[in-house]
Amino acid sequence: GRRVLGERLVARFTRRSASFTWNGRANRSGRTVTDGYFVVRYRVDAPGGADVRRVPLRRVKGRFSVRPGYASVERCTLLRSAKLTRPVFGGRTNSEVGAAFRVTRDATVSIEVLRGTKVVRRFPTQLRKEGTLHRVRFDSERRARGDFRFRIVARSGALTERITLTARRL
């Protein structure tokens with residue numbers, strides 16, 4: 001369908017120390033796994049801290065396929081982290097999508113939203129402070145269905161870094 005829901009847990013696996021294959025069924029009471037968009041979030045505890053990654057999936061006729069990323073891995077580079085609210089937006093309720101990012105030092109950041117090769121929205125280039133979580137919102141009203149790419153470019157001195165995240169308008 002075209003309903004965008006909030007986060008709803010359908011399965012959780014704890015205390016795993018080896019790889020395993022999920023059977024695709026929910027293990028939370030009252031939940032079922034149907035066709036649609038999902039996010040697998042996994043966490044690995046490491047000596048330097050936990051490493052959390054998010055992988056967006058699409059399920060069609062019972063088969064899962066990997067979608068383009070909507071969240072970056074936390075890094076020690078100029079763009080420390082970047083993430084979209086969720087991998088889908090729009091739907092019947094016209095839910096918006098938000099982008100959030102952090103820089104490791106003061107930098108000028110520009111954000112472009114593209115559909116295909118066409119730029120549909122340009123956020124003003126601004127000086128962003130280090131360590132602060134910066135947010136922008138992109139509305140879904142009067143937008144065509146399809147994939148929208150958010151290109152975030154940060155510049156500080158001679159250093160330039162880019163991250164591209166993708167969300168689908170339902």
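Just so it is clear, the model here is predicted, and its values are computed rather than measured.
No single ILVMFWY cluster, assembled from side-chain heavy atoms under 4.5 Å apart, contains both Leu159 and Ile163. Both Val55 and Phe13 belong to a single network of hydrophobic side chains, linked directly or stepwise wherever heavy atoms of I, L, V, M, F, W or Y lie under 4.5 Å apart. When the side chains of ILVMFWY residues are joined at heavy-atom separations under 4.5 Å, either directly or via intervening members, Trp22 and Val40 end up in a single hydrophobic cluster. In the hydrophobic clustering of ILVMFWY residues, with side-chain heavy atoms under 4.5 Å counting as a link, Tyr42 and Leu9 come out apart. Using a 4.5 Å cut-off between side-chain heavy atoms of Ile, Leu, Val, Met, Phe, Trp and Tyr, with links allowed through other members, Val97 and Val4 fall into different hydrophobic clusters.
Residue-environment remark: CZ (Arg75) exceeds the threshold of 12 foreign heavy atoms within 6.0 Å. In this structure, Arg41 places its CZ atom where only 12 or fewer heavy-atom neighbours from other residues, nucleotides or ligands lie under 6.0 Å away.
Evaluation of the salt bridge (charged side-chain N to carboxylate O under 4.0 Å, His left out) rule for Arg28 yields no partner, not counting sequence neighbours. Applying the salt bridge (charged side-chain N to carboxylate O under 4.0 Å, His left out) rule to Asp51 yields the partners Arg53; only residues at least two apart in sequence or on another chain are considered.
Heavy-atom minimum distance, Ala154 versus Ala107: CB-CB, 4.5 Å. Between Ser140 and Phe89, the shortest heavy-atom contact is CB-CD1, 3.5 Å.
With values rounded to the nearest 0.5 angstrom, Lys83 atom NZ is found 10.0 Å from Ser81 atom OG. For the atom pair OG (Ser65) and CZ (Arg59), the distance works out to 11.5 Å, reported to the nearest 0.5 Å. Residue Glu112 holds its CD atom at 9.5 Å from OG1 of Thr164, rounded to the nearest 0.5 Å. Within the model, atoms CZ of Arg86 and CZ of Arg54 stand 12.5 Å from one another, a figure rounded to the nearest 0.5 Å. The CG atom of Leu57 lies 14.0 Å from the CZ atom of Arg63; values are rounded to the nearest 0.5 Å.
Geometrically, Arg16 engages Phe20 in a cation-pi contact defined by less than 6.0 Å to the ring centre and at most 45° from the axis. A cation-pi contact, defined as under 6.0 Å to the ring centre and within 45° of the axis, links Arg121 to Phe123.
With Thr104 contributing its side chain and Thr77 its backbone, the two residues share a donor-acceptor pair below 3.5 Å. Without hydrogens or angle criteria, Asn27 side chain to Arg12 main chain gives a donor-acceptor distance under 3.5 Å. A distance-only check finds a donor-acceptor pair linking the side chain of Thr85 to the backbone of Gly98 [under 3.5 Å]. In this structure, the side chain of Arg149 engages the main chain of Gly116 through a donor-acceptor pair within 3.5 Å. At least one donor-acceptor pair closer than 3.5 Å links the side chain of Glu161 to the backbone N or O of Leu78. The main-chain N or O of Ala82 is found under 3.5 Å from a side-chain atom of Ser72 such that the two form a donor-acceptor pair. No side-chain donor-acceptor contact under 3.5 Å links Arg80 to the backbone of Arg105.
Using a 4.5 Å cut-off on side-chain heavy atoms (C-beta onward), Val39 and Pro87 make contact. Between Val136 and Phe150, the closest side-chain pair of non-hydrogen atoms is not below 4.5 Å. The shortest distance between side-chain heavy atoms of Phe64 and Val33 falls below 4.5 Å. Residues Tyr70 and Val88 form no side-chain contact, since every pair of their non-hydrogen atoms from C-beta on lies 4.5 Å or further apart. When side chains are defined from C-beta on, Ile152 counts as touching Leu79, because their heavy atoms get closer than 4.5 Å. Between Leu114 and Val120, every side-chain heavy-atom pair lies at or beyond the 4.5 Å cut-off. A 4.5 Å side-chain heavy-atom check between Tyr37 and Leu170 finds at least one atom pair inside the cut-off. Two residues are said to be in side-chain contact when any heavy atoms from C-beta on lie closer than 4.5 Å; Phe148 and Arg168 fail this criterion.
Ion pairing of Asp35 with Arg58 is absent here, as no side-chain N (NZ or NE/NH1/NH2) approaches a carboxylate O to less than 4.0 Å. The pair Asp45-Arg43 counts as a salt bridge, with a side-chain nitrogen and a carboxylate oxygen less than 4.0 angstrom apart.
For the residue pair Arg169 / Asn94, a side-chain donor-acceptor distance below 3.5 Å is found, with atom types taken as modelled.
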Open item on the list: I'd like to know whether Arg25 forms a side-chain contact (heavy atoms from CB on, under 4.5 Å) with Arg31, so could you lay out the CA-CA distance, the side-chain angles of the two residues, the decisive distance to 0.1 Å, and finally the verdict.
Closed with: CA-CA 9 Å; Arg25 291 192 215 114; Arg31 302 285 184 191; over 6 Å; no
* **Derivation of the side-chain contact (heavy atoms from CB on, under 4.5 Å) call for Glu96 and Glu141** => CA-CA 8 Å; Glu96 63 188 16; Glu141 294 173 0; over 6 Å; no
Next item on the list: Report the C-alpha separation of Val113 and Val119 in whole Å, then their side-chain angles, then the decisive distance to 0.1 Å, and conclude whether the side-chain contact (heavy atoms from CB on, under 4.5 Å) test is met.
Entry: CA-CA 6 Å; Val113 182; Val119 176; over 6 Å; no
Name every donor-acceptor pair, under 3.5 Å, that has one atom in a side chain of residues 125-133 and the other anywhere in the protein, sequence neighbours excluded.
residue, atom, partner, partner atom, Å
Gln126, OE1, Arg128, NH2, 3.1

